[in-house]
Number of protein chains: 2
Amino acid sequence: MSTAEPTIVTRPLRADAIRNRAKVLEAARAAFAEHGAEAQMEDVARRAGVGVGTVYRHFPTKQALAEALIEERFDRTIAFVRDLLDEEPDPWRAIERCFEYCAATQERDRAWAAVLALMAGGTGVMGPREHQMRQLLALEEQMIGRARAAGVVRQDLTATDMPALFCALASVVQAGGRNWRRYLDLLLDGLRPQG
Amino acid sequence: MSTAEPTIVTRPLRADAIRNRAKVLEAARAAFAEHGAEAQMEDVARRAGVGVGTVYRHFPTKQALAEALIEERFDRTIAFVRDLLDEEPDPWRAIERCFEYCAATQERDRAWAAVLALMAGGTGVMGPREHQMRQLLALEEQMIGRARAAGVVRQDLTATDMPALFCALASVVQAGGRNWRRYLDLLLDGLRPQG
DNA sequence: ACCTGAACACCGTTCAAGT
DNA sequence: ACCTGAACACCGTTCAAGT
């Protein structure tokens, strides 16, 4: 039972540092959701009511700050898919709802959409999130397995197809705003059993 | 017979200005293909063997320079699709080759992929290329029309579906490097007549 | 131990001086 | 009329001084 990251021994943070860290994350959520990758560190600091130096004390680079937010999103997505496997009896509908959830969250969070639009490669952006990525893929493997067993998706569909599909959907959502539904319909039809 | 842009009366350029403009474009092609949107103006100037000021004299902003390159790509793509309509007798194969051409060019040109990955919205990035976009869509309308008539694509497919599909493909190519083929297969199957 | 914000670095853009 | 490159602006990042 080990995570991918090396274990770093850290003393507990001082009370004010804990508060500041939370304020920075809260401010960053708003700034990145609104402006995507163009969000500015100075703006994050202002929204949080701290100096820029404090932002950098908690997160060494803008990239690192963005990744902390991405990590939260990943966890929520993993939780959502896990619930879906429990609650949704229709195996096809589960897949559909999974994509719809992704599109809907991306619509409200430009940073999340931008990251997903670049993740399919596995290289670069996704390196640090590899552990979560594996968790998510394992859940999707189950989801797809059920659908295959029920004969509602093409037999050659696997979880390894999913990153590219989420990547594709993300860029459509990011670019097109609210009319991603039609694209999603075409995408989903490509996953159906093929004549 | 009018283009979208207002007519601007320009005296002919001086001979050295013509040469410099060409050198800048040439240098920009290399720089943007290699680095995408992160290409640097200083680097373009250096590759062209001119001062930065000269780059700015011919193209008012980095964005404008990038757009000039995009315009070239658009023209080549339009020419390619036009030829395809003449040369490719199989209506399904024409659609397939159109997507393959897009993916292949995007693989060699990061800037082109980046722009396409953001174009589906019609807003923003595509504004200045609206005229070319319309030309391209008109050709795709023909391409899809033939395919519909031959019954090899779903009857509800239209040219207006294409921008989102190219956008999606672009982000997969941009992110995933060389394994876009599988994604394209799923995409194409979504365009087939649906049972 | 943590915070602050002025200072530094980098890159897009401008403009005074040159041909 | 066009070219050049030093100077300016903006934003990510650092660090000396403060509590």
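Keep in mind that what you see is a predicted model, and the values were worked out from it rather than measured. Lettering follows sequence order; numbering is per chain, from 1.
Of the side-chain N and O atoms in B:R14, none sit less than 4.0 angstrom from OP1 or OP2 of D:dA1.
Under 4.0 Å is where a charged nitrogen must lie from a carboxylate oxygen, and between A:D189 and A:R192 no such pair does. A salt bridge links A:D185 with A:R181; the closest basic N to acidic carboxylate O contact falls under 4.0 Å. Salt bridge B:R76/B:E72: absent, no basic N to carboxylate O contact under 4.0 Å.
Formation of a donor-acceptor pair under 3.5 Å by the B:Q106 side chain with backbone atoms of B:Q174 is not found in this model.
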- Symbol by symbol from the 5' end, with Watson-Crick or G-U pairs under 3.5 Å, [ ] crossing and | another strand, DNA chain D is ||.|||||...|||||.||
Between N or O atoms, less than 3.5 Å apart, protein on one side and nucleotides 9-12 of chain C on the other: list the pairs.
from	atom 1	to	atom 2	distance (Å)
C:dC11	OP1	B:Q40	OE1	2.9
C:dG12	OP1	B:K62	NZ	3.0
C:dG12	OP2	B:M41	N	3.1

Hey, what are the protein-to-nucleotides 5-8 of chain C N/O distances that come in under 3.5 Å?
from	atom 1	to	atom 2	distance (Å)
C:dG5	O6	A:G53	N	3.4

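Partners of A:R97 by side-chain hydrogen bond (donor to acceptor under 3.5 Å, both in side chains), not counting sequence neighbours, listed by chain and number: A:E88. The salt bridge (Lys or Arg N to Asp or Glu O under 4.0 Å) test applied to A:D75 returns no partner, not counting sequence neighbours.
Within residues 17-25 of chain A, the residues approaching DNA chain C are A:A17, A:N20, by heavy-atom distance under 4.0 Å.
Partner of A:F74 under the ring pair (Phe, Tyr, Trp, His ring centres under 6.0 Å) criterion, chosen from A:F166, A:F80, A:W112: A:W112.
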